[in-house]
Amino acid sequence: MTSSPKGVVLLGATGSIGRSTLRVIDRQGDRFRLVAMTAGSRGESLDELAAAMNPDYVVLARRPSERFEPGWTGEWRYGREALAEAAADPAADLVVNALVGYAGLESTLAALGAGHRLALANKESLVAGGDLVLDAWRDGPGELIPVDSEHSAIHQCLAGRPPREVSRLILTASGGPFRELPSDRFGDIQPEDALAHPTWSMGDKITIDSATMANKALEVIEAHLLFDVPYEKIEVVVHPSSIVHSFVEFRDGSTIAQMGHPSMEIPILYALSGPERLPNEYRNFDPVADGPLVFESLRSEQFPMFELGVSAGRAGGTQPAAYNAANEVAVRSFLDHRLSFPGIPEVVEDVLTRMTPRPVTSIEDVEAADFEARTLARESVIRLN
Ligand code: NAD
Ligand code: MG
């Protein structure tokens with residue numbers, strides 16, 4: 001059977017998920033074609049990738065300097081508006097949102113608003129946008145397929161069964177590089193230490209989030225929103241080898257898990273093609289050689305970002321957006337050596353206690369909360385310095 005290739009808009013092509021997506025697409029031959037590829041500011045990287053993949057056009061969200069001379073002679077578009085237009089491009093069959101941070105919210109809403117199938121890696125947009133994103137999804141013909149490995153696992157284990165049949169979602173966490181480090185040593189942690197993740201190679205922001213466990217809190221909120229399961233039925237277990245990507249426990253006593261060696265290419269491919277399963281190159285899971293599979297409880301007292309995030313999720317309204325924004329500022333400050341590692345939860349807690357939670361009824365509510373939390377977080381970083 002031959003069918004015409006599916007048109008893909010890839011937002012954040014130069015990042016870790018973006019490049020993995022390009023490898024997945026490249027390996028699938030004629031099945032997919034690139035409508036558009038985008039990047040934030042690294043024009044040279046986008047130029048190189050465009051020459052290799054030849055999309056219809058590329059978008060650079062931030063205008064480059066006048067000295068920038070692209071080698072790729074295809075169409076270049078510039079600016080935030082062009083990015084949102086690409087997310088809603090009618091020529092696309094599916095949109096991959098691999099942007100990092102709150103900056104991806106506009107694109108998530110645009111893609112769902114245009115009725116596209118959205119393969120969502122950019123969890124921050126779902127966490128911050130909350131019901132706005134869910135409404136855009138429910139109102140339109142669009143689909144939201146998670147790329148995050150835990151949520152891809154849960155989506156696959158659920159296989160369309162409704163939330164009332166679920167008794168528990170159990171998300172796995174690698175535990176990050178400081179799983180066994182005593183908390184009195186956390187003050188010595190440098191960005192280089194936190195950037196060395198034991199099982200996954202990822203962009204800087206999510207790597208720091210994995211070290212503080214903020215990533216797992218964002219993922220609990222993400223699971224709550226995507227699968228409509230209440231917080232009290234969502235748990236996290238530490239699984240250092242990252243082979244089991246998550247479990248779904250059903251009310252009849254069956255627990256279903258999805259497994260595979262840690263590679264984002266597997267959930268990316270599933271988000272592009274699922275429920276169909278396409279041929280893929282992967283490393284086999286060998287139950288004997290890869291065993292025993294080890295699980296342990298999360299030491300949440302060592303990682304205050306986890307409880308802070310889950311509490312923000314439970315509080316709802318603008319609190320998840322505030323948590324996310326404060327975390328983005330704190331992570332940036334830590335990477336720039338302006339904040340210590342234990343300073344990250346201090347900043348975020350300070351911001352959350354100073355903000356008044358409000359309901360979210362429009363994008364302006366989210367924008368205001370994001371702005372306020374960033375302002376408070378910057379003040380807090382200076383105070384702690
Ligand atoms: P990354 O930093 O490697 O890449 C981010 C991409 O977004 C780049 O192409 C960058 O140019 C672009 N970008 C950044 N800021 C922008 C802005 N303001 N406007 C427009 N474009 C901008 O990030 P990543 O590790 O690939 O992660 C992307 C998303 O996927 C994140 O939300 C992350 O939490 C999620 N995720 C990543 C992994 C992983 O393995 N990397 C796994 C699960 C989920
Ligand atoms: Mg994940």
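Counting starts at 1 for both ligands and their atoms, following the listed order. In this text the structure is predicted, and so the values were computed from the model without any measurement.
The N, O or S atom of Glu150 lying closest to the Mg ion (ligand 2) is OE1. Looking at Glu219 and the Mg ion (ligand 2) together, the shortest N, O or S contact belongs to OE2. Nearest N/O/S atom of Asp148 relative to the Mg ion (ligand 2): this is OD1.
Checking side-chain atoms of His239 against main-chain N and O of Val244 turns up a donor-acceptor pair under 3.5 Å. In terms of modelled atom types and a separation under 3.5 Å, the side chain of Thr38 and the main chain of Gly12 share a donor-acceptor contact.
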### His197 vs Ser174, side chain to side chain donor-acceptor pair (under 3.5 Å): CA-CA, chis, key distance, verdict
CA-CA 9 Å; His197 194 276; Ser174 72; 3.2 Å; yes
### Task
Begin with the C-alpha distance, continue with both residues' side-chain angles, and end with the deciding distance and a verdict on side chain to side chain contact (heavy atoms under 4.5 Å, CB included) for Val133 and Leu105.
CA-CA 8 Å; Val133 175; Leu105 178 58; 3.8 Å; yes
### Query
Going through the distances and angles, do Tyr102 and Phe371 end up as a ring pair (Phe, Tyr, Trp, His ring centres under 6.0 Å)?
CA-CA 11 Å; Tyr102 177 77; Phe371 182 80; over 10 Å; no
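The residues lining ligand 1, counting any heavy atom closer than 4.0 Å, are Gly12, Ala13, Thr14, Gly15, Ser16, Ile17, Ala39, Gly40, Ala61, Arg62, Leu83, Ala98, Leu99, Val100, Ala103, Ala121, Asn122, Lys123, Glu124, Asp148, Met202, Gly203, Ile206, Met264.
Checked by atom type, the side-chain pair Glu379/Thr375 shows no donor-acceptor distance below 3.5 Å. When only modelled atom types and interatomic distance are considered, Asp47 and Trp76 share no side-chain donor-acceptor pair under 3.5 Å.
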